[in-house]
Amino acid sequence: MPDVKYDQLTPSQRKAVFHAEGPLLVIAGPGSGKTRVITYRVAALINSGIKPDNICAITFTNKAADEMCQRVVALGIPAEGPRFAGTQPHISTFHSLCVTILRQYADKTGINPNFSIYNESDQSRCIKQAVKDCELDTTDFPPARMLDNISKLKNRLIDVDSFKTEANDFLRKTLARIYDHYQRILAEHNALDFDDLLVKTAFLLEGSGEVCSELGNRFKFLLIDEYQDTNHAQYKIARAFVSAHNNICVTGDPDQSIYRWRGADIRNILAFENDWPDATVIKLEENFRSRPKILEIADKLITVNRNRKKKKLIPIKPPIAHVVVTAFEDETEEAEAVAQQVKELKDKGASLNDIAVFYRVNAMSRVLEEAFIRNKMPYQVVRGVEFYNRKEIRDLLAYLKILVNPSDEIALLRIINTPPRGIGKTTVDRVRAYAALHNITFFDGLKNAEDIDSLSKAAKAKIVAFVNMLEQFKKDVAGKVAALTERAFVESGLEKSLRDSGDQGKTALENVNELINAAHRYDQQTEEPSLLDYLQQIALFSDADAYDASSGRVALMTLHAAKGLEFENVFIVGVEEGLLPHERSNAGEDKDELEEERRLFFVGITRAKTQLYISCARYRTVRGQLLRTIPSQFLFELGLDFTERPQENIASSCVTQSTIRNMQYDFAPGQRVRHKSFGPGTVKEFIDMWENSIVVVKFNSGQTKSLMVKYADLSKI
DNA sequence: CTTGAGTTGGTTTTT
DNA sequence: CCAACTCAAG
């Protein structure tokens with residue numbers, strides 16, 4: 001068995017890691033090492049003789065899953081990719097797990113395993129069609145609203161039939177009809193939306209004791225990170241999974257629940273002890289991440305929430321910190337100040353990897369980007385889905401999707417005339433009418449084009465050519481994904497059309513190249529690469545997955561994407577009423593939503609280790625209109641001297657120690673330093689004792705000295 | 001059938 | 001403000 005070093009663990013972490021069997025709830029504040037507990041517990045279970053593939057760990061994002069796999073491997077335990085694979089622990093998100101299960105148990109669900117996963121824009125097309133099919137107007141029944149309602153129903157595991165029986169007023173009855181049509185359209189396309197992945201899996205487990213016990217047998221230990229953000233469907237899946245053995249271990253922090261709007265049910269974690277009465281509860285309250293001052297304001301803020309259990313944040317780190325709240329004139333000035341502060345930090349030796357800027361809405365990244373470009377500071381906007389939402393990428397992927405799942409009408413409609421090949425709306429409508437009449441898929445309709453009398457000879461010929469092209473591609477489906485992607489790109493004519501379209505096409509070409517590179521990486525890194533698997537994986541890609549921790553660039557991201565990360569220096573911008581809390585959160589009336597916005601700010605604050613810069617602007621341009629803003633109520637809750645409305649510039653409200661001194665108090669082994677009389681040397685050891693910290697330096701002269709940092713006057717080189 | 005100009009409407013967070 | 005959609009001319 002591998003030799004895992006457990007000595008880094010604190011007693012309470014140790015207790016959680018080595019908890020023998022049965023349900024375990026780990027309530028843990030920010031920066032307390034809860035993910036570490038899961039990681040080490042996986043290792044400890046394997047060391048105690050549990051077979052690796054009997055363990056299933058659930059993370060919140062794919063990124064988190066990848067990282068956990070890597071850490072488990074680093075502990076000496078084999079754990080390659082996040083998927084079902086023989087001798088390894090299964091580490092993945094709930095959604096990936098569901099995809100795997102649904103593929104494996106296709107015969108039990110009747111869902112073709114080649115299903116497409118529909119994202120927001122695909123869903124939007126389907127719902128529009130559904131509303132139209134119901135002969136309703138999209139102005140009376142806004143697609144986005146309908147989708148939102150349907151999603152809420154799905155999160156509560158209410159299917160079409162049971163909603164039909166409970167809907168008794170006109171509005172709900174209509175919604176039931178739309179829901180019905182929407183599900184039918186998805187089924188016809190052999191597609192599942194994000195919610196369906198969970199819903200179908202939950203129903204599969206609920207409906208089949210056999211599957212349940214099979215999976216319970218397969219996974220004898222279930223571990224779930226970020227349990228506070230699970231929804232009802234995920235809860236049901238978890239319950240069904242462990243019904244045979246109750247070996248469930250969850251970690252979470254109710255104060256960091258920020259996905260209520262997506263169906264996350266905070267009651268899951270609050271009621272854990274009711275659900276599993278023999279549960280052991282372990283609290284991790286020590287915080288290894290942030291300096292005390294940061295924890296102090298975080299605590300002041302979160303204490304305002306009424307609907308919460310009291311929890312301590314016990315600081316471990318020395319008390320030197322830098323917390324600043326500043327009001328700027330407008331968003332440009334704010335962004336400029338952030339960029340310049342970043343520059344200063346960099347000049348003082350900070351790595352750009354250790355700096356992050358958080359904001360409430362994605363639209364706010366633009367003004368920051370401009371400021372970073374002006375100041376020549378490298379940055380990355382953490383927005384993973386953006387890439388996959390580009391037109392050229394979606395077009396090319398649609399070609400691949402249709403090869404795997406010919407029923408995917410959304411994909412087919414997307415590419416049938418992209419690039420233009422003379423198959424226009426009229427032709428498409430005629431084929432669709434034919435397909436509907438004969439009760440076949442659109443693709444089969446195209447295949448039968450010769451038999452469709454309404455089509456012109458020219459149209460028929462074009463369709464035949466198109467279908468033949470796809471059939472040619474199909475022959476390569478079993479091969480490498482990258483090769484097929486490239487082939488489809490060239491032979492479809494997409495490449496030529498991009499090359500012919502000037503500058504815009506040039507960046508598009510670069511993007512496609514990037515996609516082909518990514519596909520190539522997939523081919524190499526995956527044990528059994530398949531086009532289906534590749535497409536389903538990238539469909540579950542999230543913003544947070546795009547974060548590169550060692551890019552050497554400042555990270556710009558939403559507060560939501562910041563979940564689970566930590567940085568030495570954190571900027572939180574736009575802390576204004578209407579933005580944080582966001583107006584659309586209905587935070588004015590709905591207290592729960594206001595509390596969720598507060599938790600979001602709390603999550604942002606607690607990402608910071610040492611330096612925290614919070615700011616607002618007095619004027620902000622929203623949708624092209626310059627508006628006067630009001631500082632966020634949350635700013636007044638931090639317990640800083642932020643009592644009056646910000647007039648000009650609010651100077652530092654709270655500076656425990658100056659930034660410069662603080663920087664000098666931290667030395668890591670390996671750091672090159674210079675001493676006034678001893679000359680240059682290398683730090684061997686740093687004993688952190690607040691202002692009495694001691695540093696051990698081996699000087700170039702050969703001698704090694706222990707020095708008190710505050711007297712030694714060392715400078716970093 | 002294609003293209004581009006003009007209009008409309010929707011604007012949070014994301015697996 | 002911008003993206004998605006509509007519509008009319010070529």
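What you see below is based on every heavy atom in this structure, not just the backbone, and it leaves out hydrogens, waters and symmetry mates. Every chain is numbered from 1, with letters handed out A, B, ... down the list of sequences.
Distances shown here put a side-chain N or O of A:Arg366 below 4.0 Å from the OP1 or OP2 atom of C:dC2. Taking side-chain N and O atoms only, A:Thr558 has a distance below 4.0 Å to OP1 or OP2 of B:dT14. The side chain of A:Ser542 places an N or O atom within less than 4.0 Å of a non-bridging phosphate oxygen (OP1 or OP2) of B:dT15.
Atom CG in A:Asn389 sits about 12 Å away from atom P in B:dT14, given to the nearest Å. Distance, A:Leu198 CG to B:dT15 P: 13 Å, rounded to whole Å. One atom, CG of A:Asp229, and another, P of B:dT15, lie 12 Å apart when rounded to the nearest Å. For the pair A:Glu583 CD and B:dT11 C1', the interatomic distance rounds to 10 Å; values are reported in whole Å. Look at CG on A:Asp122: it is 16 Å from P on B:dT15, rounded to the nearest Å. Nucleotide C:dC1 holds its C1' atom 16 Å from the CG atom of A:Asn362, rounded to whole Å. Rounding to whole angstrom units, CZ of residue A:Phe602 and P of B:dT13 are separated by 23 Å. Look at CG on A:Asn231: it is 14 Å from P on B:dT15, rounded to the nearest Å.
Going from the P atom of C:dA4 to that of B:dT13 covers 15 Å, rounded to whole Å.
Aromatic ring pairs are classed by plane angle as parallel below 30°, tilted from 30° to 60° and perpendicular above 60°; the pair A:Phe567 and A:Phe358 is perpendicular.
Between A:Asp533 and A:Arg103, at least one side-chain nitrogen of the basic residue sits less than 4.0 Å from a carboxylate oxygen of the acidic one, meeting the salt-bridge criterion. Salt-bridge check for A:Asp395 with A:Arg414: passed, with a basic side-chain N closer than 4.0 Å to an acidic carboxylate O.
Stacking of A:Arg598 on the aromatic ring of A:Phe601 is not recorded, the 6.0 Å distance cut-off and the 45° axial limit not both being met.
Remark: ring of A:Phe194 does not overlap the six-membered base ring of B:dT14 in a stacked fashion, as centroids less than 5.5 Å apart with planes less than 30° apart are not both met. With centres under 5.5 Å and a plane angle under 30°, the ring of A:His582 is stacked against the base of B:dT12.
For the pair A:Asn305 (side chain) and A:Ile302 (backbone), a donor-acceptor distance under 3.5 Å is absent. Proximity of a side-chain donor or acceptor of A:Asp255 to a complementary backbone N or O of A:Phe602 within less than 3.5 Å is not detected.
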Under a 4.0 Å heavy-atom criterion, the protein footprint on nucleotides 5-10 of chain C, written with B, S and -, is S-----
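Nearest-nucleotide mapping onto DNA chain B: of A:Pro142 and A:Arg383, the residue sitting toward the 5' end is A:Pro142.
Residue pairs meeting the salt bridge (charged side-chain N to carboxylate O under 4.0 Å, His left out) criterion with at least one member in residues 129-149 of chain A, sequence neighbours excluded: A:Asp148-A:Lys152.
For an aromatic pair to be called close, the ring centres must be under 6.0 Å apart, and A:His189 with A:Phe115 fails this.
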Restricting both atoms to N or O, compile the protein contacts to nucleotides 1-6 of chain B shorter than 3.5 Å, with distance only.
unit_1, atom_1, unit_2, atom_2, d
B:dC1, OP1, A:Gly424, N, 3.1
B:dC1, OP1, A:Thr427, OG1, 2.7
B:dC1, OP2, A:Thr426, OG1, 2.3
B:dT2, OP1, A:Gly422, N, 2.9
B:dT2, OP2, A:Asn417, ND2, 2.6

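Judged purely by distance below 3.5 Å, without hydrogens or angles, the side chains of A:Ser96 and A:Thr93 pair a donor atom with an acceptor atom.
A:Arg421 pairs by the salt bridge (Lys or Arg N to Asp or Glu O under 4.0 Å) definition with nothing, not counting sequence neighbours. The side-chain hydrogen bond (donor to acceptor under 3.5 Å, both in side chains) test applied to A:Ser365 returns A:Glu369, not counting sequence neighbours.
The side chain of A:Tyr259 has B:dT14 as its nearest neighbour among B:dT14, B:dT15, B:dT12.
In this structure, CD in A:Glu577 is found 9.5 Å from OG1 in A:Thr629, a value given to the nearest 0.5 Å.
Taken residue by residue, residues 144-155 of chain A places heavy atoms nearer than 4.0 Å to DNA chain B at A:Ala144.
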